[in-house]
Amino acid sequence: MTKIGFIGLGIMGGPMAANLVKAGFDVTGYNRSRAKVDRLVEAGGRGADSVADAVRDADVVVTMLPDSPDVEAVVLGEDGVVAHAKPGTLLIDCSTIRPDVSRAIAERMRALDAPVSGGEQGAIEGSLSIMVGGGAEDFAAARPVLDAMGSTVVHVGEAGAGQTVKAANQLIVAGTIELVAESLVFLEAHGVDTEAAIKVLSGGLAGNRVLDRKAAAMVRREFTPGFRVELHHKDLGIVQAAAREAGVAIPLGAAVAQLMAALNAQGHGGLDHGALLKLVAQLSGREEV
């Protein structure tokens, strides 16, 4: 049985680790807050009190952390994965971070950058889309682990390529959420039955997963996070930096990044990114933020 050390048991990481347990892997999890470790234990996994305890006997280490500095500290830090994992241990980093950080980690140990898309529901269902950068042999070795967490698993290139594709994903998602938000406020202003409108829009060329998964909650102003504003704000910073580095213009992306930044600055970083609707409504004079 493959032993997996899983670090980061939050909104996404918790259900991802639980799905690995369901698939028959021996999973030991670590998280800074003990309650989330206990939840994994209840699901059949093991709990660890430190990164070192989680990775010491692991064949594979999976990380699901908020940002580049977190991954650098956990993987490369004095008490991190590199310091305590067995030689040859394979790291699968499912966090969304800067591509250059992924490349730097790949120079220190066997590693795949494997960011995910699909939100909390996709993590629970095991239906995530996983874009993987790294060596082909390491990808083949990691495939059973990745398949337990996602339904669309694609090797997109060498180290850092997974993070680059994820940056494009976050650009598309942010732009789509913004347009859905604008459309819903537009429909509300005209007194249209938004439930009926969402149904018919979803069946045509305007159909998309944001409409399917988020629009109803956005209309109800329910923004319990599946993916937090503050994290999408961080991701759009990665997109803008990478676009600047490549000399690529992203005018609509830059505009959405500013709107996400404004929503975050107003204190709504902990809400679901569908809360962009709140900002559109405020700009339209229809409600307070």
Side-chain angles (χ1 to χ4, degrees), residues 10-12 14-16 19 96 116-131 149-152 165-233 235-236 239 250-289:
I11 290 173
M12 299 287 289
M16 289 165 67
N19 281 331
T96 298
V116 303
S117 179
E120 181 183 14
Q121 195 60 38
I124 293 169
E125 295 170 354
S127 61
L128 294 167
S129 178
I130 308 179
M131 45 224 83
M149 299 185 291
S151 57
T152 302
V165 175
K166 180 60 187 292
N169 179 90
Q170 296 303 80
L171 178 61
I172 293 169
V173 171
T176 304
I177 291 174
E178 174 61 23
L179 287 174
V180 168
E182 292 178 15
S183 297
L184 293 176
V185 173
F186 170 77
L187 291 167
E188 290 173 348
H190 283 279
V192 173
D193 181 337
T194 52
E195 182 178 351
I198 291 167
K199 182 176 180 180
V200 71
L201 289 170
S202 296
L205 191 58
N208 61 77
R209 290 192 179 183
V210 172
L211 273 175
D212 295 340
R213 292 193 171 188
K214 291 186 176 290
M218 290 167 72
V219 169
R220 295 192 301 268
R221 275 45 173 189
E222 294 177 1
F223 302 117
T224 301
F227 190 73
R228 300 195 302 274
V229 166
E230 61 190 359
L231 292 179
H232 212 146
H233 169 55
D235 292 350
L236 291 172
V239 172
I250 51 166
L252 294 180
V256 176
Q258 288 294 308
L259 293 169
M260 195 76 74
L263 188 62
N264 187 63
Q266 289 180 343
H268 299 299
L271 298 182
D272 186 80
H273 49 181
L276 276 172
L277 181 135
K278 291 173 65 69
L279 192 62
V280 174
Q282 180 197 38
L283 292 170
S284 303
R286 299 189 61 82
E287 65 184 59
E288 297 286 332
V289 172

Do you know the tightest heavy-atom contact between [X] and [Y]?
| X | Y | answer |
| --- | --- | --- |
| Ile124 | Asn19 | O-ND2, 3.4 Å |
| Ile177 | Met218 | O-CE, 4.1 Å |
| Ser284 | Val185 | OG-CG1, 3.9 Å |
| Ala215 | Leu211 | CB-O, 3.3 Å |
| Ala197 | Val192 | CB-CG1, 4.2 Å |
| Leu263 | Leu276 | CD2-N, 3.6 Å |

Reported [atom1]-to-[atom2] distance for the pair [X] and [Y], which is rounded to 0.5 angstrom:
| X | Y | atom1 | atom2 | answer |
| --- | --- | --- | --- | --- |
| Leu236 | Leu231 | CG | CG | 11.0 Å |
| Gln121 | Ser127 | CD | OG | 7.5 Å |
| Arg221 | Glu287 | CZ | CD | 4.5 Å |
| Glu120 | Leu128 | CD | CG | 11.0 Å |
| Ile198 | Lys214 | CD1 | NZ | 13.5 Å |
| Lys166 | Thr96 | NZ | OG1 | 2.5 Å |

So, the side chain of [X] versus the backbone of [Y]: is there a donor-acceptor pair under 3.5 Å, distance only?
| X | Y | answer |
| --- | --- | --- |
| Thr152 | Ser129 | no |
| Asp272 | Arg228 | no |
| Arg213 | Gly118 | yes |

> What pairs of residues pass the ring pair (Phe, Tyr, Trp, His ring centres under 6.0 Å) test when at least one of them lies in residues 194-220, not counting sequence neighbours?
Replying inline: none
> Less than 4.5 Å apart, any side-chain heavy atom of Asp235 and any of Val239?
Replying inline: no
> Given side chains that start at C-beta, do those of Val219 and Glu195 come closer than 4.5 Å, heavy atoms only?
Replying inline: no
> Please walk me through it: do Ser151 and Glu125 pass side chain to side chain contact (heavy atoms under 4.5 Å, CB included)?
Replying inline: CA-CA 9 Å; Ser151 57; Glu125 295 170 354; over 6 Å; no
> Without hydrogens or angle criteria, can the side chains of Asn208 and Thr176 be said to hold a donor-acceptor pair below 3.5 Å?
Replying inline: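 Per modelled atom types, Asn208 and Thr176 side chains form no pair under 3.5 Å.
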> How far apart are the C-alpha atoms of Val116 and Met149, what are their side-chain angles, what is the distance that settles it, and do they pass the side chain to side chain contact (heavy atoms under 4.5 Å, CB included) test?
Replying inline: CA-CA 9 Å; Val116 303; Met149 299 185 291; over 6 Å; no
> Hey, mind stepping through Leu259 and Leu283 against side chain to side chain contact (heavy atoms under 4.5 Å, CB included) and telling me if it holds?
Replying inline: CA-CA 11 Å; Leu259 293 169; Leu283 292 170; 4.2 Å; yes
> Would Leu252 and Glu178 satisfy side chain to side chain contact (heavy atoms under 4.5 Å, CB included), going step by step from the backbone distance to the final call?
Replying inline: CA-CA 10 Å; Leu252 294 180; Glu178 174 61 23; over 6 Å; no
>> So, applying side chain to side chain donor-acceptor pair (under 3.5 Å) with His273, which one of His232, His233, His268 is it?
In response: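 The side chain to side chain donor-acceptor pair (under 3.5 Å) with His273 is passed solely by His232 among His232, His233, His268.
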